[in-house]
Amino acid sequence: MPSLEEELFPSTPGKFKDRNRHFHRCFASTSTMFLWALFLIALTASYICFQSFMDSGNRYFTATWGGHHWEKNVINSAQIRRSHGGMSVLVTGAAGFVGSHVSLALKKRGDGVVGIDNFNNYYDPSLKKARKNLLNQNSIFIVDGDINDSKLLVKLFDIARFTHVMHLAAQAGVRYAMENPGSYIHSNIAGLVTLLEVCKNSNPQPAIVWASSSSVYGLNEKVPFSESDRTDQPASLYAATKKAGEEITHTYNHIYGLSITGLRFFTVYGPWGRPDMAYFSFTRNILQGKPITVYRGKNRVDLARDFTYIDDVVKGCIGSLDTSGKSTGSGGKKRGPAPYRIFNLGNTSPVTVPMMVAMLEKHLKVKAKKNFVVMPGNGDVPFTHANISSARKEFGYKPTTDLQTGLKKFVKWYLSYYGYDQGKL
Ligand SMILES: O=C(O)[C@H]1O[C@H](OP(=O)(O)OP(=O)(O)OC[C@H]2O[C@@H](n3ccc(=O)[nH]c3=O)[C@H](O)[C@@H]2O)[C@H](O)[C@@H](O)[C@H]1O
C-alpha cells in the first residue's frame with residue numbers, strides 16, 4: 001500500500017496534479033530561480049571586483065616611474081661630471097624642441113641633467129620619442145611623467161638634489177588655444193604651480209629658469225619690445241597663461257625666496273623643431289605639393305616675426321642658468337631676497353612671413369603654392385621684435401644665426417630625418 005507521501009508525490013511526475021504538488025513545484029522553481037539569481041549577482045560582483053583589481057593592477061604595472069632601477073637612472077643622470085661650478089638640472093619638457101637641445105648642451109659640458117616629459121600628442125609623439133632616444137644615447141634619462149604629478153616631483157627632488165630647474169614643459173602654440181583652452185590651464189598654470197610648490201618646499205631650493213613668451217607683448221606697438229613695455233594686453237589665451245606665469249613666479253620669488261628667471265622666447269626655430277609651427281608645416285606642405293596659407297594683416301601688410309635660431313636660444317638658456325643666483329629659502333621659508341629676472345631672447349631682426357617662405361623655397365628648391373588670407377582673429381599678433389640689451393648685459397647674449405642660415409640647417413635636418421619622399425607618402 002502506497003504511503004501517503006507516495007500517493008501525493010508519485011515517482012512519475014506529471015501523472016497526477018494536485019494543488020499542494022503545484023505549490024511545491026512552484027516553490028521549488030522559484031527557489032531555484034532565486035538561487036540562480038544569487039549566483040548571477042555573485043558572479044557579476046566578482047567580475048566587477050576582478051576588473052577593478054586588474055585595472056588598478058594595470059595602473060600599477062604600467063606606472064612608468066619608481067623602483068630601484070628607475071632611481072638609479074635618475075641619480076646617474078643627475079650627477080655632475082665636471083670639477084668646477086657644475087649644476088644638476090631638472091629639465092621639464094625635455095623631449096620637446098627647446099628642452100632636448102638645452103639638455104644636450106648641459107650634458108655636453110658636464111652638468112647633471114634629468115628630463116621629465118609627458119609625451120602628449122599635441123604633435124606627433126614619435127618625434128618626441130626620437131628626441132628622447134637621442135638624449136638617452138647621450139646618457140640623459142627622461143622620466144615619463146607630468147609636472148602636475150606632485151608625488152613624482154617630490155620623489156625626484158628626494159633622490160636628486162637639483163641645483164636648478166629649467167622649466168620648458170608647456171602647452172605651446174598661439175592658435176591652438178581656441179581649440180583646447182583647458183590644456184593651457186593644465187600645463188601653463190596648474191603644472192607651473194605644482195612645480196613651484198615642490199621647488200619651494202625642497203631643501204635646498206633650486207634656482208628656476210623658465211620659458212615665457214614674446215606673445216606676452218600682445219597688442220604692444222612700441223618696437224623693439226623691451227622687458228619694461230606693457231604686457232597687459234595679451235591677444236591669445238596662450239599669451240595670457242604665459243603672462244600669468246610671470247605673475248605667479250613673482251609671488252613665489254617674493255614669498256618663498258625662489259630665484260626666478262623668465263625667458264621671453266621669440267618664435268624659436270631649427271632642427272628637431274615643432275611640427276605645428278609655420279616654418280615646419282610650410283616645409284612639409286611645400287614638399288608634398290600642397291598649398292600653404294600665408295596670413296596677412298590689414299591693408300595687405302605682411303606679418304613679421306623675430307625668428308630666433310635654436311642654438312642662440314640654448315646659449316641664452318645656459319647663460320641664464322649660469323647667472324641665476326641662488327634661491328634663499330628652504331623648507332618653504334624665505335631667508336632673504338632672491339633674484340627675479342625677465343629677459344627677451346630674440347634675434348633683433350624681424351623677417352616677414354613671405355620672406356621666410358621665399359627662403360624655404362630656395363633651400364627646398366621647390367616653389368610654394370601660396371594662398372594669402374587675412375589674418376584671422378585667432379590670437380595672432382602682426383609682428384614681434386626683441387630688444388635684447390638686458391640679456392646681452394647680464395650674460396652676454398648675442399644671437400649669431402640669421403634666418404637664411406638657420407632655415408638652411410633646418411631643411412638639411414628635415415630632409416635627413418623625414419627623407420625627400422616622406423612628404424609624398
Ligand atoms: O614667440 C612666441 O612666443 C611664440 O612663437 C611661436 O608663435 P608664432 O610666432 O605665432 O609662430 P608660428 O605659429 O610659427 O607663426 C609664425 C608666423 O607665421 C604665420 N602663419 C602661421 C600659420 C599659418 O598657417 N600661416 C601663417 O602665415 C603666423 O601668423 C606668424 O606670423 C610659437 O608657436 C609659440 O608657441 C610661441 O612660442
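Just so you know, ligand 1 is whichever comes first in the structure, and atom 1 is the first atom listed for that ligand. Quick note: residue numbers are just sequence positions, from 1. Just so you know, these numbers come straight off a predicted model, no measurement behind them.
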Check the orientation of Phe225 and Phe383. Use parallel for under 30°, tilted for 30 to 60°, and perpendicular for over 60°. tilted

Residue pairs passing the salt bridge (Lys or Arg N to Asp or Glu O under 4.0 Å) test where at least one lies in residues 96-107, sequence neighbours excluded: none

Filter on side chain to side chain donor-acceptor pair (under 3.5 Å), then keep only pairs touching residues 96-105, sequence neighbours left out; what's left? none

Donor-acceptor contact below 3.5 Å, side chain Arg82 vs main chain Arg109: yes

Using a threshold of 4.0 angstrom between heavy atoms of the protein and any atom of ligand 1, which residues qualify? Ala172, Gly173, Val174, Arg175, Ser213, Ser214, Ser215, Tyr238, Phe265, Phe266, Thr267, Arg274, Met277, Ala278, Phe282, Thr293, Val294, Tyr295, Leu303, Arg305, Val353, Asp380

Check: Phe280 ring centroid to Phe410 ring centroid under 6.0 Å: yes

Could you list all the ring pair (Phe, Tyr, Trp, His ring centres under 6.0 Å) pairs where at least one residue sits in residues 328-375, not counting sequence neighbours? His250-Tyr340, Phe343-Phe395

